[in-house]
Amino acid sequence: MNDNSHPSRTYRRPSDLANFTWGSVRQRAGRALSYGLSLTHDPRHYQIGVLFSLILLGVFQFSFQLPWWHVAAVLGSALGTQFFADKITGRRFDPRSPLISALSLTILLRTGSIWLSIAAAILAIASKYLIRVRGKHIFNPANFGLVIVALLFSGAWISPGQWGTAPIFAIFLAGMGGVVTGKAKRWDVSLAFIGCYAALIFGRAFWLGDPLAIPIHQLQNGALLIFTFFMISDPKTTPNARMGRVLYAALVASIGFTIQFAFYNSAGIILALILTAPTVPLFDFVFKGQKYHWPTLSFPKPKGVSHDIIQIPAE
Amino acid sequence: MTLSKFLLSSTLIAASFSLAPSASAFCGFYVAKADTDLFNQSSKVALVRDGDRTVITMANDYIGDPTEFAMVIPVPTVIKKEQVHVSETALLDHLDAYTAPRLVEYFDSNPCMRHRYEMMDGALSTEVAQKSSEFRRDRNLGVTIEESFSVGEYDILILSAEESDGLQTWLTENGYKLPNGAARTLGSYIKQDMKFFVAKVNLERKASAGGDMLRPISVAYESPKFMLPIRLGTVNANGTQDLFVYALTRNGKVETTNYRTHKIPSGEELPIFVKDDFGDFYKDMYKTSAEREGGHGVFMEYAWDMNWCDPCAADPLSNEQLQELGVFWLDDDGVNQRGGKSMAKNVFVTRLHVRYDAKSFPEDLKFKTTGDTSNFQGRYILRHAYDGEMECDAAKDYVTQVNKRKDKEIKTLANLTGWSTGDIRDRIKQSGKGGYLDKPQSNSTWWNKLWPGD
């Protein structure tokens with residue numbers, strides 16, 4: 001049965017429909033777009049989305065043992081620590097950065113103990129407030145929490161092989177990571193790091209006379225790419241000037257490579273980041289640049305229409 | 001000396017290893033073809049690791065002329081005589097049996113008696129299991145014999161080399177037939193400052209030791225490198241090879257850092273006939289799992305605290321056996337003190353089954369010990385339906401449930417092994433076990449209950 005008979009609801013003349021479409025829809029689309037742009041303007045939103053997708057991928061595709069309550073505990077303790085620290089320091093609470101740190105920890109730290117997960121999250125966030133030089137925190141928060149907990153407790157560890165080396169996955173990560181860091185204007189760190197690391201890996205293979213398959217295999221490591229695009233690229237803990245960042249990335253790559261191949265520790269690059277972090281103020285001293293600020297989130301006001309409801313004339 | 005001694009390379013592995021559990025499942029023996037290479041298709045290695053200390057035991061099911069047995073293994077340091085030990089084949093067989101994938105059987109009880117599914121005594125262990133020439137020194141070639149000694153039935157040399165051509169020439173002159181392409185790999189190991197552990201069989205000592213099999217060789221060394229060199233083994237191999245690693249640590253699971261460690265599917269319910277074909281089942285299930293990862297992979301088959309098992313495919317190893325394998329921290333942990341059989345030993349075992357080839361595994365296996373002490377086992381379940389008289393209302397539901405369950409088991413088996421469901425149904429019929437239950441003659445419909453006396 002057709003309910004067109006209802007006088008005031010659904011039947012519209014074609015001309016009314018056209019008016020409706022071209023008038024209101026355009027406005028709505030415009031507003032949605034600018035709203036969307038303001039959401040994507042901040043690279044952290046995209047990063048949160050990607051990291052969260054990686055966790056889902058890890059759990060469902062790679063069967064990580066990651067109980068939901070661990071994820072919840074890490075998120076909760078990171079956000080809670082940030083909240084209290086902001087209260088004490090009188091800053092406005094912003095959940096996005098601690099969320100990224102918590103998601104990175106969830107991806108990279110393996111442990112069977114929920115307490116160690118919580119400890120890592122608290123250490124990560126607390127380090128931002130406690131270890132600072134000239135208004136900038138020194139350590140990448142997730143890296144700090146990860147390394148300290150993994151070094152101190154045998155019940156927590158870093159699992160570099162957990163992502164495997166599936167090439168397609170590697171490309172996927174690289175692509176996504178490129179977008180994320182490109183938005184943060186810190187793609188230079190990622191590219192400089194991976195470039196230097198690749199040069200060292202290929203150089204080593206060339207010196208050893210190894211087939212190319214070996215360095216290629218080593219570069220297709222999921223954990224390496226996650227580090228490259230989601231950890232070292234943090235704009236807050238890298239040098240302010242581009243030249244400083246490129247040189248810093250080269251330093252991290254060289255030390256990470258050395259730890260990995262001369263000291264046989266598979267978490268070489270992750271350790272290299274925490275070891276080199278204290279040199280960042282030095283890079284900032286030598287290479288002057290603007291300190292990075294996250295973009296502020298603002299929602300553009302719609303023009304011309306004061307409210308959301310557009311009335312449809314009844315027949 | 002005819003052609004030879006073959007270079008079994010590989011990892012310490014290579015050597016030979018019996019294994020072959022499931023008897024035929026992983027027949028791992030070397031096949032000598034014409035005058036050329038040996039194809040080592042499966043190897044067993046026990047790796048005891050704590051800190052920088054490693055004890056590696058390579059077992060061997062090499063069957064053939066002992067004069068043709070030889071192995072060359074890259075090792076991280078120079079090895080002296082007291083660091084080498086020959087132990088018993090039964091030891092690794094026991095470790096293999098303890099960690100083997102296992103079948104368990106459950107028997108449904110009479111559904112009319114209320115408590116169902118009671119576990120009959122655990123474990124049905126699978127059958128998966130079980131089962132000189134003179135070395136010349138030639139400085140001109142840049143090869144140095146760092147050590148030379150005999151242990152058990154083996155003559156052993158530890159070589160260091162300056163460059164691969166010299167080493168290759170030396171090995172060739174001394175009767176080792178190197179596969180093409182080995183020189184490049186040897187060169188890479190030389191630059192990484194690896195030494196070469198070269199062993200062959202001393203026939204006189206072999207005769208006095210008796211027995212057909214070559215016994216496993218254990219080597220203890222201290223090095224931060226926690227790895228297994230597999231590259232030489234892939235040079236002369238045809239297709240994929242299987243390697244079983246039994247890692248014993250103080251802290252927890254061992255995983256590979258440069259390849260992903262997968263868990264083998266486990267805990268699935270399967271049709272009853274699998275009991276008679278467990279070897280076939282496991283072989284095909286492993287193959288299917290590996291194929292889903294591209295035909296290769298590192299699979300964890302077992303990870304458990306060495307104090308117990310449930311169900312047990314074999315008893316946990318005794319302290320004496322563990323010590324023989326190289327577990328050196330038992331005394332430190334006070335296990336042997338106080339006479340303590342009941343005292344817990346701090347040993348965690350991980351069994352990794354690696355299927356690899358040169359293309360998919362270009363790099364040597366690198367490991368790390370994690371703090372993960374959660375238990376895991378490859379375990380497969382047979383559930384026998386109750387086959388006695390059943391006279392009650394519940395029987396009908398029970399039969400429906402059982403038949404549904406059997407359908408599911410067939411699908412599971414097909415999915416795990418790649419067998420067709422048609423074949424599986426045929427095999428169930430042939431075996432005469434675990435077929436569908438007949439619907440009970442229905443005197444349980446509502447009208448039967450209405451006039452039960454009729």
Side-chain angles (χ1 to χ4, degrees), chain A residues 58 61-67 109-113 116 149-170 201 204-224 259-270, chain B residues 50 52 76 163-165 181 183-194 223-227 231 234-235 249-263 265 293-294 296-298 300 348 357-376:
Chain A
Q61 178 69 27
F62 294 89
S63 28
F64 288 3
Q65 279 179 320
L66 194 59
L109 182 70
R110 299 270 69 84
T111 175
S113 154
L116 292 180
V149 169
L151 285 183
L152 291 182
F153 301 95
S154 66
W157 64 97
I158 298 159
S159 193
Q162 68 180 348
W163 294 96
T165 55
I168 294 170
F169 183 57
I201 296 271
R204 175 178 181 270
F206 181 73
W207 174 66
L208 292 174
D210 281 344
L212 278 184
I214 291 184
I216 290 172
H217 171 83
Q218 287 164 342
L219 287 173
Q220 281 172 346
N221 183 302
L224 171 70
I259 296 175
Q260 178 130 10
F261 292 100
F263 294 93
Y264 311 103
N265 187 322
S266 55
I269 49 172
I270 287 176
Chain B
D50 189 49
D52 282 348
E163 45 96 33
S164 57
D165 288 347
R184 194 178 181 193
T185 310
L186 289 176
S188 177
Y189 285 127
I190 291 169
K191 284 188 175 153
Q192 292 176 66
D193 202 24
M194 301 282 271
S223 163
K225 292 182 189 175
F226 187 18
M227 49 89 78
R231 289 175 57 195
T234 57
V235 173
T249 66
R250 207 198 292 240
N251 291 330
K253 267 176 205 160
V254 166
E255 63 180 32
T256 37
T257 60
N258 54 345
Y259 300 96
R260 205 171 101 69
T261 305
H262 310 267
K263 281 182 177 163
E293 301 299 332
H296 48 81
V298 180
M300 183 195 295
F348 196 92
D357 57 33
K359 190 161 170 267
S360 53
F361 279 63
E363 244 194 315
D364 289 330
L365 298 173
K366 295 179 185 167
F367 302 98
K368 84 179 277 172
T369 307
T370 72
D372 188 359
T373 50
S374 58
N375 293 327
F376 173 80

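A note on names: the letters A, B, ... follow the listed sequences, proteins ahead of strands, and every chain is numbered from 1.
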Going by the salt bridge (charged side-chain N to carboxylate O under 4.0 Å, His left out) test, which pairs reach into residues 205-218 of chain A, not counting sequence neighbours? A/D210-B/R231

Answer with side chain, backbone, both or neither: which region of [X] has an atom nearer than 4.5 Å to a non-hydrogen atom of chain B?
X      : value
A/R204 : side chain
A/F261 : side chain
A/S159 : both

Top contributor to chain B contacts, counting heavy-atom pairs under 4.5 Å, from [options]:
options                        : answer
A/W157, A/W207, A/F263, A/F153 : A/W157
A/G161, A/A150, A/A156         : A/G161
A/I216, A/N265, A/I158         : A/I158
A/G155, A/G112, A/A213         : A/A213

Quick one: which of B/M227, B/E255, B/H262 has the most heavy-atom pairs under 4.5 Å with chain A, could you say? B/E255

Side chain, backbone, both or neither: which part of [X] has a heavy atom under 4.5 Å from chain A?
X      : value
B/E293 : neither
B/K359 : neither
B/T257 : both

Can we call the ring centroids of B/F361 and A/H217 under 6.0 Å apart? no

A/P211 to B/R184 - nearest heavy-atom pair and separation: CA-NH2, 3.6 Å

Using side-chain heavy atoms (C-beta onward) and a distance below 4.5 Å, is A/R110 in contact with B/D372? no

Mind checking what makes salt bridge (Lys or Arg N to Asp or Glu O under 4.0 Å) contact with B/K366, not counting sequence neighbours? B/E363

